[in-house]
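Inspection log for the structure reproduced underneath, given as structure tokens.
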Amino acid sequence: MNRIPVLEIFGPTIQGEGMVVGQKTIFVRTAGCDYSCSWCDSAFTWDGSAKDDIRQMTAGEIWSELKSLGGDNFSFVTISGGNPALLKNLDSLIDLLKENQINIGIETQGSKWQDWFLKIDELTISPKPPSSKMETKFDILDSIFINLDENQFKNNVSLKVVIFDEADLEYAKMIHKRYEGIPFYLQVGNDDITNANNQELIQKLLNKYEWLVNRVVEDSQLNNVKVLPQLHALLWGNKRGV
Ligand SMILES: C[S@@+](CC[C@H](N)C(=O)[O-])C[C@H]1O[C@@H](n2cnc3c(N)ncnc32)[C@H](O)[C@@H]1O
Ligand SMILES: Nc1nc2[nH]cc(C(=O)O)c2c(=O)[nH]1
Ligand code: SF4
Ligand SMILES: [Mg+2]
């Protein structure tokens, strides 16, 4: 049986992050991650706390749920997680979405390659900086960009690094230099992922955004980059499923 572990399907909403920011989309969030980032805002996908909510779904069942949620009001699906790149059989869903003229975005950290990456319209690779406490496997990250290159990947790929502190900025500069020419995004880190007071959280995130913009504008190694907040956090705070 070809089943995909799904934790949530939500939307239509807007893509709040990175190169497709503002795009109307539905999200499919898969369960399971090979990382355990210290500040993960979706830790329920891998820490066991939502294990009873995981549904083993076929591509057809996922498509039915997308249609019942979105009707004719969507043409873009973003697959995030957890790490969707752990799932070789995700290509069943990708093929079905393509048959239905849906554009596809993927969020992954660059710790694993899948051949179906080549079918993705908007591929976001988000290597993890030191504050995450994760170790980047550069042999794998290098091979992902080599594979895309060797297959004349014609769709959009970008790098997105979440920034919490100066050490993360140094890491981001190193990544930007190593993968020169790949569109590069810096994203504000949310270090208050349980705060339910939206006004307080939003003010904090805006202050962090201003700090990050100021650090980037004064740095000659960060000229051709884009700096973004998590737009969904500014709209809806830490709420899940938006
Ligand atoms: C939850 S992850 C799932 C996809 C994949 N595992 C990854 O990390 O790219 C989606 C995006 O949210 C970002 N993210 C997670 N926690 C965050 C936080 N506390 N603040 C800002 N961005 C965060 C990740 O870096 C990633 O770019
Ligand atoms: N609106 C919205 N945009 C997002 N972009 C990336 C998300 C994620 O958790 O992967 C996300 C999310 O959870 N919601
Ligand atoms: S790689 Fe992504 S989903 Fe996995 S722990 Fe890190 S931020 Fe969370
Ligand atoms: Mg998120």
Side-chain angles (χ1 to χ4, degrees), residues 5-11 13-21 25-50 54 78-87 90 104-114 117 120 122-137 140-141 144 157-165 168-169 171-172 175 183-195 201-202 204-209 211-212 226-242:
V6 175
L7 247 175
E8 51 185 14
I9 300 178
F10 62 90
T13 179
I14 53 142
Q15 165 58 284
E17 304 180 15
M19 69 172 155
V20 211
V21 71
T25 182
I26 304 193
F27 280 85
V28 176
R29 193 183 298 285
T30 61
C33 193
D34 46 332
Y35 278 14
S36 52
C37 299
S38 61
W39 37 251
C40 180
D41 63 8
S42 305
F44 59 91
T45 60
W46 52 265
D47 68 4
S49 60
I54 299 171
T78 306
I79 306 171
S80 184
N83 186 6
L86 293 177
L87 305 170
L90 206 57
I104 307 172
I106 287 275
E107 301 274 338
T108 185
Q109 65 264 40
S111 59
K112 206 169 176 346
W113 167 265
Q114 290 292 349
F117 280 8
I120 302 301
E122 307 281 345
L123 179 60
T124 296
I125 311 277
S126 181
K128 298 299 175 254
S131 62
S132 70
K133 305 279 188 262
M134 296 297 109
E135 200 83 50
T136 304
K137 297 176 201 129
I140 295 175
L141 197 53
I144 288 175
V157 58
S158 71
L159 280 161
K160 176 173 75 181
V161 179
V162 175
I163 305 293
F164 285 82
D165 55 28
D168 291 353
L169 267 172
Y171 173 91
I175 294 284
F184 195 79
Y185 290 77
L186 294 170
Q187 172 163 304
V188 174
N190 176 2
D191 63 6
D192 202 3
I193 52 177
T194 56
N195 194 340
L201 174 68
I202 289 164
K204 259 177 128 167
L205 293 174
L206 285 173
N207 291 344
K208 282 177 171 288
Y209 186 33
W211 168 79
L212 186 54
K226 296 187 171 72
V227 190
L228 286 174
Q230 287 179 298
L231 214 49
H232 52 100
L234 296 183
L235 287 172
W236 301 299
N238 287 317
K239 192 168 165 205
R240 190 168 141 183
V242 289

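Just follow the structure's listing: the first ligand is 1, and inside any ligand the first atom is 1. Along the sequence shown, the residues carry numbers beginning at 1.
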Problem set entry | Asn238, Asn195, Asp41 screened by side-chain hydrogen bond (donor to acceptor under 3.5 Å, both in side chains) with Asn190, the one that passes | Asn238
Exercise. Which residues satisfy the salt bridge (Lys or Arg N to Asp or Glu O under 4.0 Å) test with Glu122, sequence neighbours excluded?
Worked result: none
Seminar exercise, completed: side-chain hydrogen bond (donor to acceptor under 3.5 Å, both in side chains) with Thr78: of Thr124, Thr25, Thr13, only one passes, and it is Thr25
Exercise. Among Leu7, Leu87, Thr45, Leu86, whose side chain to side chain contact (heavy atoms under 4.5 Å, CB included) with Thr30 holds?
Worked result: Leu87
Problem set entry | Under 3.5 Å side-chain donor-acceptor pair for Ser131 and Asp168 | yes
For this session: Show the protein residues that qualify under the rule heavy atom under 4.0 Å from an atom of ligand 1, listing them in chain and number order.
Result: Glu17, Trp39, Cys40, Asp41, Ser42, Ser80, Gly81, Gly82, Glu107, Thr108, Gln109, Ser126, Lys128, Lys160, Val162, Phe164, Gln187, Val188, Gly189, Asn190, Ile193, Gln230
Exercise. Do the side chain of Tyr171 and the main chain of Lys128 share a donor and acceptor less than 3.5 angstrom apart?
Worked result: yes
Problem set entry | Top protein contact for atom 3 (S) of ligand 3, by heavy-atom distance | Gly82 N, 3.6 Å
Problem set entry | Close side-chain approach of Asp34 to Gln109, heavy-atom, < 4.5 Å | yes
Seminar exercise, completed: Lys112 meets the salt bridge (Lys or Arg N to Asp or Glu O under 4.0 Å) criterion, sequence neighbours left out, with none
Problem set entry | Number of protein N/O/S atoms that sit closer than 2.8 Å to atom 6 (Fe) of ligand 3 | 1
For this session: With Arg240 as the cation and Phe44 as the aromatic partner, state whether NZ or CZ is under 6.0 Å from the six-membered ring centre and within 45° of the axis.
Result: yes
